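Questions regarding the structure given below will be posed in turn.
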Amino acid sequence: MTRTQSTLNVQLLANCVVSKDGQFWFYLDRELVEVGLKCCQQNQTIFFSDSILTQLRQAVVWDTGGLSEPDSSFNVQSGLTFCTHFEDRLVLRTVVSMDGDVLHQIDRQLLHTSDDCLKLNQVHHWLLTQLTDKLCGDFRRFINKFTDWLAFLVCCLSSVLAFNYFIKSWYVLGVTMLLGILIRHLSRQSLRRSLPILLRFGFSHVLSPNPIIQWLSQQVLARLA
Amino acid sequence: MTHDSHTQDDLVFSQKKPKTLNEKVDGFLNSLGDVLNDITALEVNTMIVARISGSKFNPLAAYEDIYAITEEWFEKNHIAEDCTGEVRSKCRENYLKLRQNLERHYKAVIHDPTATLPEPNTMDKLDVVFENPEFLRALRKIREQKSAYDSDDPKSADIDLIYAQTVIQLDGDVVNRFHEKLFDASSDKRELILTIHSQGVATGEAQWRGLLNFVVDLLKKFRFNLF
């Protein structure tokens, strides 16, 4: 299988994962089951969209039935639910609870076709494991990247300003580079220190009816959770 | 419940206001600490069901469902009506245990050993327990069990079954339990269920570990600011 083909397959599988009412659904057909089996055997990794991962992180904390209810009516999560939909019906369901209970439900009719049943079960669990593996985001990488760019930007801007308006000397570059290093260090420290406040904002406003606040908190959960 | 205890209950609940989302986040984080302390085992259950419901878990609907289990409910819904005396009483006993189990959790949550389950329309009392993650987890599990007991034909004692259960203790012990009906099934079907279950156990551990890593990470970020 070519590299492009396998990337396409992984993309196909990522697209079959849908979050609906706080539950995660895998919409599979025969073709996708075969693709899933291949990817599983080749130990491939699925890259899910930020949106799915944010919704997954949100679902670890909040049990939502939709965003139309008033904020305070949401309950905290009691168990993450993952369902597999195949040939117009729900055939597999897994509930993973924080306290260590995992419940797998299998449609009795699926047992009549043992080959389908085993393949579906394998792909269902593989997709589920791929999702739970991605729960922990790489927030350190984001913080480092963000502060590097911030420092670079400050460095460039201050150099240009100083060169044009104050001192026309190359020493300015040395000073602004020092300033950039200082800003990078300080912003990195302050971002890490304010992580609890940012995450609290993220988790408590991700269901806000205000679209801007909701977007901001989704970004926090996508990048820092 | 006596009139006095009702009054006491009402006093306790009337002083509590619904929590804000920030308070709920705090409550969730506190409960995570308790969950991490209480985790003793990973339990993987494989259930074969006649129909999987895709509906969301609704705490109030689940509570109403369990609260309704009484002797009158058995008669009204013809539970195990076509069965012999022993089978019928066993079937009804299973249902009653669910309600008792819920009541036990309720008492633990409100720290009152004499309390009884409040009526589903007393939302001031229920809001308080629905904000408790431990109670919600217990309610969900009891609801799942009840769904398993509810068969397509309530008059019969046929139920959806947990065919296989694996408990992996933290100290390394692994306990497997299989329903006797599994051994009545044809060898092909038995093999199939056992394969499905072992796939579920192998991946269930990884899935739960993923979830646990995330909450531990979250707890570290929130509580200890270790990064």
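All values reported here derive from a predicted model rather than from experimental measurement. Numbered from 1 within each chain, the chains take letters A, B, ... in sequence-line order.
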Between A:L224 and chain B, which part of the residue has a heavy atom less than 4.5 Å away: side chain, backbone, both or neither?
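The backbone, not the side chain.
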Identify, with sequence neighbours excluded, every residue that meets salt bridge (charged side-chain N to carboxylate O under 4.0 Å, His left out) alongside B:K97.
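For B:K97, the residues satisfying salt bridge (charged side-chain N to carboxylate O under 4.0 Å, His left out) (neighbours in sequence not counted) are B:E93.
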With a 4.5 angstrom heavy-atom cut-off, could you sort out which part of A:R57 is near chain B: side chain, backbone, both or neither?
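For A:R57, backbone and side chain are both near chain B.
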What residue, out of A:Q109, A:H124, A:Q122, has the most heavy-atom pairs lying under 4.5 Å from chain B?
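Max contact count across the listed options: A:Q122.
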Carefully, step by step, assess B:E205 and B:R209 under the rule salt bridge (charged side-chain N to carboxylate O under 4.0 Å, His left out).
CA-CA 6 Å; B:E205 190 266 334; B:R209 188 158 23 90; 3.2 Å; yes
What I want to check is whether the side chains of A:H205 and A:S217 have a donor and an acceptor closer together than 3.5 Å.
no
Side chains of A:T147 and A:R188, donor plus acceptor under 3.5 Å:
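Distance-only check passes for A:T147 and A:R188.
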Counting only non-hydrogen atoms closer than 4.5 Å, does A:V95 touch chain B with its backbone (N, CA, C, O), its side chain (CB onward), both, or neither?
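Side chain of A:V95 only, per the 4.5 Å heavy-atom cut-off to chain B.
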Heavy-atom proximity to chain B below 4.5 Å, by part of A:Q130:
neither
I need the residue from A:T81, A:L92, A:L111 with the largest number of non-hydrogen atom pairs under 4.5 Å to chain B.
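So the answer, after comparing A:T81, A:L92, A:L111, is A:L111.
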Using non-hydrogen atoms and a 4.5 Å limit, figure out which bit of A:S97 sits close to chain B: side chain, backbone, both or neither.
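The answer is both parts of A:S97.
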Does the side chain of B:N101 come under 3.5 Å of the side chain of B:R104 through a donor N or O and an acceptor N or O?
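Note: B:N101 and B:R104 side chains meet the donor-acceptor criterion.
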Identify which of B:I52, B:L136, B:L42 forms the greatest number of heavy-atom pairs closer than 4.5 Å to chain A.
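Most heavy-atom pairs under 4.5 Å with chain A: B:I52.
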Among the options A:L118, A:T94, A:D133, pick out the one with the most heavy-atom pairs lying under 4.5 Å from chain B.
A:L118
Side chains of A:Q41 and A:N43, donor plus acceptor under 3.5 Å:
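No, no side-chain donor-acceptor pair sits under 3.5 Å.
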